[in-house]
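Only heavy atoms go into these numbers, but all of them, side chains included; no hydrogens, no water, no symmetry mates. The first residue in the sequence is number 1, and the count goes up from there. For clarity, every value in this text was computed on a predicted model and none was experimentally measured.
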Amino acid sequence: MKLSQGKKLLLLGIALVVIDQVIKYLVKTNMELGEQINVIGQWFRLCFVENKGMAFGMSFGGQVGKFLLSLFRIVLSGVLIWWIRSLIKKGTPTGVLVGLTMITAGAVGNIIDSLFYGLIWDYAPFMFGKVVDMFFFPIIRDGERVIFFSPVFNFADSCVTVGAFYLLLFQWRFFAKDEKSEKKD
């Protein structure tokens, strides 16, 4: 059975979301909040934190801000899904579609946390859950901790970041071509 490009991208997106959610579930059910486990010496640690806001723990506007952030994430993910579907129909290069799928899957992974984790673990209503973060990369030099990358992040964040960098580094011509064609019109 040969799968269409759209079905392959859907499977990729589902696989990325499942990996993200499995990692978060394992951290949430096997670690205490704030607990750290060294994975590669002192350089890479699992550090269980819960992010109630957006990237890097930033938040704004209290409960109203959290609601608007959750709503924005849902709308943006819907727009990305619609855009990917329309790009598939136009015969867009696979690399562009994979990058956008990674970004979308990462967004959906974090949306699941925000929408449902408060309900599942009984600490917040629908849309007000916290995002589970766990990857931390400090560097230890001569017994002194030097921060390589201080934010604690998760697999979904990695999908968004890798997808965005991939598009910028390897697929920029596609977006530059679109801008040139729009300027001619």
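Atom CD1 in I120 sits 10.0 Å away from atom OH in Y25 (nearest 0.5 Å). Atom-to-atom distance recorded for F48:CZ and I37:CD1 is 11.0 Å, nearest 0.5 angstrom. With rounding to the nearest 0.5 Å, the separation of CD1 in I19 from CZ in F155 is 4.5 Å.
Contact between S77 and A107 at its shortest, heavy atoms only, is OG-CB, 3.6 Å. Across all their heavy atoms, L119 and L115 have their closest contact at CD1-O, 4.1 Å. Taking every heavy atom of both residues into account, I112 and Q21 meet most closely at CG2-OE1, 3.4 Å. Minimum interatomic distance between G6 and I88 (heavy atoms only, all atoms of both residues): CA-CD1, 3.7 Å.
By the criterion of side-chain heavy atoms lying less than 4.5 angstrom apart, applied directly or through intervening Ile, Leu, Val, Met, Phe, Trp or Tyr residues, F116 is not grouped with V75; the two fall into different hydrophobic clusters. By the criterion of side-chain heavy atoms lying less than 4.5 angstrom apart, applied directly or through intervening Ile, Leu, Val, Met, Phe, Trp or Tyr residues, L71 is grouped together with Y117 in one hydrophobic cluster. Both I74 and L68 are assigned to one and the same hydrophobic cluster, defined by single-linkage of ILVMFWY side chains at heavy-atom distances under 4.5 Å. I84 and I81 are members of different hydrophobic clusters when ILVMFWY side chains are connected at heavy-atom separations under 4.5 Å. Under the 4.5 Å side-chain heavy-atom criterion for Ile, Leu, Val, Met, Phe, Trp and Tyr, V108 and V162 are members of the same hydrophobic cluster.
Applying the 6.0 Å contact sphere to CG of N38 captures more than 12 heavy atoms from other residues, nucleotides or ligands. The environment of F128 atom CZ is dense: over 12 non-hydrogen atoms of other residues, nucleotides or ligands sit within 6.0 angstrom. More than 12 non-hydrogen atoms from other residues, nucleotides or ligands lie less than 6.0 angstrom from CZ of F126.
For the salt bridge (Lys or Arg N to Asp or Glu O under 4.0 Å) test, residues two or more places apart in sequence or in another chain that qualify with K28 are E50. With sequence neighbours excluded, the residues forming a side-chain contact (heavy atoms from CB on, under 4.5 Å) with L10 are I14, listed by chain and number.
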Donor-acceptor pairs under 3.5 Å, side chain of residues 93-105 to any protein atom, not counting sequence neighbours: which ones?
unit_1: T94; atom_1: OG1; unit_2: Q5; atom_2: NE2; d: 2.9
unit_1: T101; atom_1: OG1; unit_2: L97; atom_2: O; d: 2.7
unit_1: T104; atom_1: OG1; unit_2: L100; atom_2: O; d: 2.8

Check against side-chain contact (heavy atoms from CB on, under 4.5 Å), M134 and V49: CA-CA 6 Å; M134 74 290 299; V49 298; over 6 Å; no
Please determine whether side-chain contact (heavy atoms from CB on, under 4.5 Å) holds for the pair L46 and M31, giving the CA-CA distance in whole Å, both sets of side-chain angles, and the decisive distance to 0.1 Å. CA-CA 9 Å; L46 291 180; M31 293 178 72; 4.2 Å; yes
List the steps, then state whether side-chain contact (heavy atoms from CB on, under 4.5 Å) holds for I111 with S70. CA-CA 7 Å; I111 288 169; S70 294; over 6 Å; no
Under the side-chain contact (heavy atoms from CB on, under 4.5 Å) rule, what do F175 and L167 come out as? Steps first, then yes or no, please. CA-CA 9 Å; F175 296 101; L167 290 173; 4.1 Å; yes
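Note on ring orientation: taking the six-membered ring where Trp is involved, the planes of F44 and F137 are parallel (angle under 30°, cut-offs 30° and 60°).
Residues V39 and F136 form no side-chain contact, since every pair of their non-hydrogen atoms from C-beta on lies 4.5 Å or further apart. Side-chain contact check for R45 versus V152: every heavy-atom pair is 4.5 Å or farther apart. S114 has its side chain out of reach of M127: every pair of non-hydrogen atoms, C-beta onward, lies at least 4.5 Å apart.
S86 places a side-chain N or O within 3.5 Å of a backbone atom of W83 that can act as its donor or acceptor partner. K24 places no side-chain N or O within 3.5 Å of a backbone atom of N154 that could act as its donor or acceptor partner.
Within the structure, no pair that satisfies the side-chain hydrogen bond (donor to acceptor under 3.5 Å, both in side chains) test touches residues 123-132, not counting sequence neighbours. Contacts classified as salt bridge (charged side-chain N to carboxylate O under 4.0 Å, His left out) and involving residues 81-91 (residues at least two apart or in different chains) are not found. Sorted by first and then second residue, the pairs that involve residues 156-167 and meet side-chain hydrogen bond (donor to acceptor under 3.5 Å, both in side chains), not counting sequence neighbours, are N110-D157, Y166-Q171.
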